[in-house]
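The figures that follow rest on heavy atoms only: side chains count, while hydrogens, waters and symmetry mates do not.
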Amino acid sequence: MIEKILFIENGYCPTCKRVLFFTEDHMCQKCLESLEAIRLNRCLKCGREILNPGIRACRDCISMEYKFNRGFSAYGYDHKIKDIIYLMKFGNRPGLCRFAGKMTYRKLEKENRLGFIEDKDLIIPVPLSKAGLNERGYNQSELLALGLTSQWNVSEAANIVHSNNLIKIKETAHQRDLNRRERLKNVVGAFKITDPEKIRGQNILLVDDVMTTGSTLNECSNVLMGAGAKNVDILVFASVDD
Ligand SMILES: [Zn+2]
Ligand SMILES: [Zn+2]
């Protein structure tokens, strides 16, 4: 029995590595509270943090014409969030991915922004390729979306997350190894809609774990809008600041 307790997924805090109490859920209270520090200005379009408080839109939103409409980002990309995202991607931590979804929901709730997810017809996670999914065993963005809607007091919440329509058909190089122009090019043609009927006329929320240049989110939005979506907004757990 003791061994089992030691090996449960939320056995230790992903950021300070302290052993967790049973009352804590995937992250210790102290680390969770430290993430709640007051944020600076947010970009009015994509939702990322802007360090210069006098500016309303980030450089990417000024220089690029993103295909999505608006964005929400729960957290900046500090070292604690980096640790969490690393474990979500490479640490075999599906429960932590769902917990990140709950954290994002709480953030929306705190900021009176629940309307941002409640007005959507569909929630679509950014997909992994088949090989990527096989390797990881789960799609962190899908679990993030499911964690988000698990907090939602609506009976059809479980059916609103659609994971098999937008698919990734091309293996892409790791975005982190590329510069901005290469990132944009890298994702072109990588995504496809399998059932455009279900996309047409829909108000869609596209969900991903992290936004850096926004190239992947932009390309997915492009494909969704091309299939006739009425609107695409994006939501990420964390984004790199401007
Ligand atoms: Zn901690
Ligand atoms: Zn922006």
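- Considering only heavy atoms from C-beta on, Glu142 stays 4.5 Å or farther from Arg98 through its side chain.
- Side chains of Leu206 and Leu166 form a contact here, defined as non-hydrogen atoms less than 4.5 Å apart.
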side-chain contact (heavy atoms from CB on, under 4.5 Å) for Asn41 and Glu49? Distances and angles first, verdict last.
CA-CA 6 Å; Asn41 203 22; Glu49 205 167 53; over 6 Å; no

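- The CD1 atom of Ile204 sits 4.0 Å away from atom CD1 of Ile199, with the distance rounded to the nearest 0.5 Å.
- Evaluation of the side chain to side chain contact (heavy atoms under 4.5 Å, CB included) rule for Glu135 yields no partner, not counting sequence neighbours.
- Taken together through direct or relayed side-chain contacts under 4.5 Å among Ile, Leu, Val, Met, Phe, Trp and Tyr, Met27 and Leu87 form part of one hydrophobic cluster.
- Both tests hold for Arg93 against Tyr12: distance to the six-membered ring centre under 6.0 Å, angle to the ring axis within 45°.
- Residues that satisfy the side chain to side chain contact (heavy atoms under 4.5 Å, CB included) test with Tyr86, not counting sequence neighbours, are Phe90.
- Partners of Asp83 under the side-chain hydrogen bond (donor to acceptor under 3.5 Å, both in side chains) rule, at least two apart in sequence or in another chain, do not exist in this structure.
- Remark: the backbone N or O of Thr212 is not paired with any side-chain donor or acceptor of Tyr77 at under 3.5 angstrom.
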Residue pair Lys80, Ser34: steps toward the side-chain contact (heavy atoms from CB on, under 4.5 Å) verdict:
CA-CA 9 Å; Lys80 284 182 182 156; Ser34 74; 2.7 Å; yes

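- Hydrophobic clustering, with ILVMFWY side chains joined whenever heavy atoms are under 4.5 angstrom apart, keeps Leu144 apart from Val232.
- The salt bridge (Lys or Arg N to Asp or Glu O under 4.0 Å) analysis of residues 200-212, with sequence neighbours excluded, yields the pairs Lys89-Asp209, Glu197-Arg200.
- The existence of a salt bridge linking Arg42 and Glu111 is confirmed by a sub-4.0 Å separation between a basic side-chain nitrogen and an acidic carboxylate oxygen.
- Glu219 and Val187 make their closest contact through CG-O, 3.2 Å (heavy atoms, listed as atom of the first residue, atom of the second, distance).
- Inter-residue side-chain proximity for Leu205 and Phe72 is flagged as unmet; no heavy-atom pair is nearer than 4.5 Å.
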Donor-acceptor pairs are to be reported for all side-chain atoms of residues 62-71 against protein atoms at under 3.5 Å, with residues two or more places apart or in another chain.
{"unit_1": "Ser63", "atom_1": "OG", "unit_2": "Arg59", "atom_2": "O", "d": "3.0"}
{"unit_1": "Tyr66", "atom_1": "OH", "unit_2": "Thr213", "atom_2": "O", "d": "2.5"}
{"unit_1": "Asn69", "atom_1": "ND2", "unit_2": "Asn231", "atom_2": "OD1", "d": "3.1"}

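- Note: the hydrophobic cluster containing Ile84 also contains Val207 (ILVMFWY, side chain heavy atoms under 4.5 Å, direct or indirect links).
- For Lys30, the side chain to side chain contact (heavy atoms under 4.5 Å, CB included) partners two or more places apart in sequence, or in a different chain, are Cys28.
- Every residue two or more places apart in sequence or in another chain that forms a salt bridge (charged side-chain N to carboxylate O under 4.0 Å, His left out) with Asp195 is listed here: Lys198.
- Applying the side chain to side chain contact (heavy atoms under 4.5 Å, CB included) test to Asn179 and every residue at least two apart in sequence or in another chain returns Arg181, Glu182.
- Judged purely by atom type and a 3.5 angstrom limit, Thr194 uses its side chain to pair as donor or acceptor with the backbone of Asn165.
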For residues 119-132, run the donor-acceptor check on the side chains, cut-off 3.5 Å, and write out each pair with its distance to 0.1 Å, sequence neighbours left out.
{"unit_1": "Lys120", "atom_1": "NZ", "unit_2": "Phe116", "atom_2": "O", "d": "2.6"}
{"unit_1": "Lys120", "atom_1": "NZ", "unit_2": "Asp233", "atom_2": "OD2", "d": "3.0"}
{"unit_1": "Asp121", "atom_1": "OD2", "unit_2": "Asn203", "atom_2": "N", "d": "2.7"}
{"unit_1": "Ser129", "atom_1": "OG", "unit_2": "Gly132", "atom_2": "N", "d": "3.0"}
{"unit_1": "Ser129", "atom_1": "OG", "unit_2": "Glu171", "atom_2": "OE1", "d": "2.8"}
{"unit_1": "Ser129", "atom_1": "OG", "unit_2": "Glu171", "atom_2": "OE2", "d": "3.1"}

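- The same ILVMFWY cluster, assembled from side-chain heavy atoms under 4.5 Å apart, contains both Phe99 and Met88.
- With contacts defined as side-chain heavy-atom distances shorter than 4.5 Å, the pair Lys107/Met103 does not qualify.
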Derivation and outcome, side-chain contact (heavy atoms from CB on, under 4.5 Å), residues Leu235 and Leu148:
CA-CA 10 Å; Leu235 176 143; Leu148 184 77; 4.3 Å; yes

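- Side-chain contact between Val210 and Val236: absent, with no pair of heavy atoms (C-beta onward) separated by less than 4.5 Å.
- Counting heavy atoms from C-beta outward, Leu224 and Ser221 have side chains that stay 4.5 Å or more apart.
- More than 12 heavy-atom neighbours from other residues, nucleotides or ligands sit within 6.0 angstrom of CZ on Arg18.
- Atoms SG and CG, on Cys43 and Asp241 in that order, are 12.0 Å from each other to the nearest 0.5 Å.
- Closest approach of Asn139 to Ser141, counting heavy atoms only: OD1-N, 2.9 Å.
- Distance CG/Leu114 to CD/Gln151: 10.5 Å, rounded to 0.5 Å.
- The closest side-chain heavy-atom distance from Ile169 to Phe191 is not below 4.5 Å.
- Put simply, CD1 on Ile117 and OG1 on Thr149 are 8.0 Å apart, with the number rounded to the nearest 0.5 Å.
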Determine whether Cys46 and Cys58 satisfy the following criterion, side-chain contact (heavy atoms from CB on, under 4.5 Å), listing intermediate values before the conclusion.
CA-CA 8 Å; Cys46 74; Cys58 74; 3.7 Å; yes

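- Annotation for Leu178 and Ala173: closest pair CD1-CB, 4.4 Å, computed over non-hydrogen atoms.
- Between Leu35 and Asp78, the closest side-chain pair of non-hydrogen atoms falls below 4.5 Å.
- Qualifying salt bridge (charged side-chain N to carboxylate O under 4.0 Å, His left out) partners for Lys82, counting only residues two or more places apart in sequence or in other chains: none.
- Annotation: the span from Ser215 atom OG to Lys185 atom NZ amounts to 13.0 Å, rounded to 0.5 Å.
- Partners of Arg180 by salt bridge (charged side-chain N to carboxylate O under 4.0 Å, His left out), not counting sequence neighbours, listed by chain and number: Asp60.
- Distance check: Cys97 SG to Phe237 CZ gives 9.5 Å after rounding to the nearest 0.5 Å.
- Taking Ile, Leu, Val, Met, Phe, Trp and Tyr as hydrophobic and joining them when side-chain heavy atoms fall under 4.5 Å apart, one finds Leu44 isolated, its cluster having no other members.
- Put simply, Val223 and Ile167 are part of two different groups of oily side chains (I, L, V, M, F, W, Y) that touch within less than 4.5 Å, one to the next.
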